[in-house]
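So the structure is just underneath, and the comments pick up after that.
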Amino acid sequence: MTKKDLYIKAYHLLEQVTPLTFDCGTICGRACCHGDEESGMYLFPSEEELLRSSGFLCLTPTDLKHKDGRPVLLAICPGECERIYRPLSCRIFPLTPYLDMEGKLTVKMDPRAHTLCPLARNVLMEELNPKFIKAVYIISGLLLRDLEAKGFIEVLSRLLDEYENPDFLGLFPK
Ligand code: SF4
Ligand code: SF4
């Protein structure tokens, strides 16, 4: 499966399922869509090829690097979007795939979502829509079949480790 096909499949799997069985944006005023001009969603490797024609996403390189040294791109939006152009990170929010140091895949609440998302703060993952959790698991498993996407999940997972425990890297002497 090409990366493009992989992302299209992932988009479809998450087209109809959302974190709750109703629109969770009604709880918080769609807080996750109202960042500033410097906040946005990381794109998976080469995901920009699907989104360049959206016309509303500003794609910006970040300091975070893919394993091949390319910068991870951030998609910044004006707070409104055409649903078909939502990046994968928007579709799975507030969950994230996570690879532990042994390479075991889990899906968990994204620690970066805590300040923003009432679900991440106040709801157990088990209380989310089971269809949503299942779809994120299926997609995460599919993404691992692509080496670059897997590499990005590894990079992201170490970033989340640092986010949750700023002393994390100090535990592993160079
Ligand atoms: S911030 Fe959380 S609760 Fe609000 S719309 Fe986004 S995912 Fe739903
Ligand atoms: S792209 Fe759409 S779903 Fe993603 S943050 Fe922007 S408005 Fe929200």
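Note that the structure is predicted; figures quoted are calculated from it, not measured. All residue numbers refer to positions in the sequence shown, counting from 1. Numbering of ligands and ligand atoms starts at 1, following listing order.
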>> Could you work out, with side-chain hydrogen bond (donor to acceptor under 3.5 Å, both in side chains) as the rule, every residue matching T2, not counting sequence neighbours?
In response: D5
> Is the shortest distance from a Lys or Arg side-chain nitrogen in R91 or E15 to a carboxylate oxygen in the other one below 4.0 Å?
Replying inline: yes
> Relative to the heavy atoms of L119, which atoms of ligand 1 are at a distance of less than 4.0 Å?
Replying inline: 3 (S)
> In terms of atom number and element, which parts of ligand 1 are under 4.0 angstrom from non-hydrogen atoms of C28?
Replying inline: 1 (S), 3 (S), 4 (Fe), 5 (S)
> Taking only heavy atoms of C117, which atoms of ligand 1 are found under 4.0 Å from at least one of them?
Replying inline: 1 (S), 2 (Fe), 3 (S), 7 (S)
> Between L14 and Y7, is there a shared hydrophobic cluster once you connect ILVMFWY residues whose side-chain heavy atoms come closer than 4.5 Å?
Replying inline: yes
>> I'd like to check the side-chain hydrogen bond (donor to acceptor under 3.5 Å, both in side chains) partners of K67; sequence neighbours left out, ordered by chain and number.
In response: E154
> Would you say the side chain of R158 lies within less than 4.5 Å of the side chain of M101, judging by non-hydrogen atoms?
Replying inline: yes
> Identify the closest protein heavy atom to atom 7 (S) of ligand 1: which residue and atom is it, and at what distance?
Replying inline: F93 CD2, 3.7 Å
> What is the nearest protein non-hydrogen atom to atom 8 (Fe) of ligand 1, stated with its residue, atom name and distance?
Replying inline: C24 SG, 2.3 Å
> Do L119 and F132 sit in the same hydrophobic cluster, where Ile, Leu, Val, Met, Phe, Trp and Tyr count as joined when their side-chain heavy atoms come under 4.5 Å apart?
Replying inline: yes
> Is L6 reachable from Y137 through a run of I, L, V, M, F, W or Y residues, each pair having side-chain heavy atoms under 4.5 Å apart?
Replying inline: yes
>> Please tell me whether Y42 and V136 are part of a single hydrophobic cluster in this structure, the criterion being side-chain heavy atoms less than 4.5 Å apart.
In response: yes
> In ligand 1, which numbered atoms sit nearer than 4.0 Å to a non-hydrogen atom of G25?
Replying inline: 5 (S)
>> Closer than 2.8 Å to atom 8 (Fe) of ligand 2, what protein N/O/S atoms do you find?
In response: C33 SG
>> Using the salt bridge (Lys or Arg N to Asp or Glu O under 4.0 Å) criterion, which residues pair with K108? Sequence neighbours excluded.
In response: E164
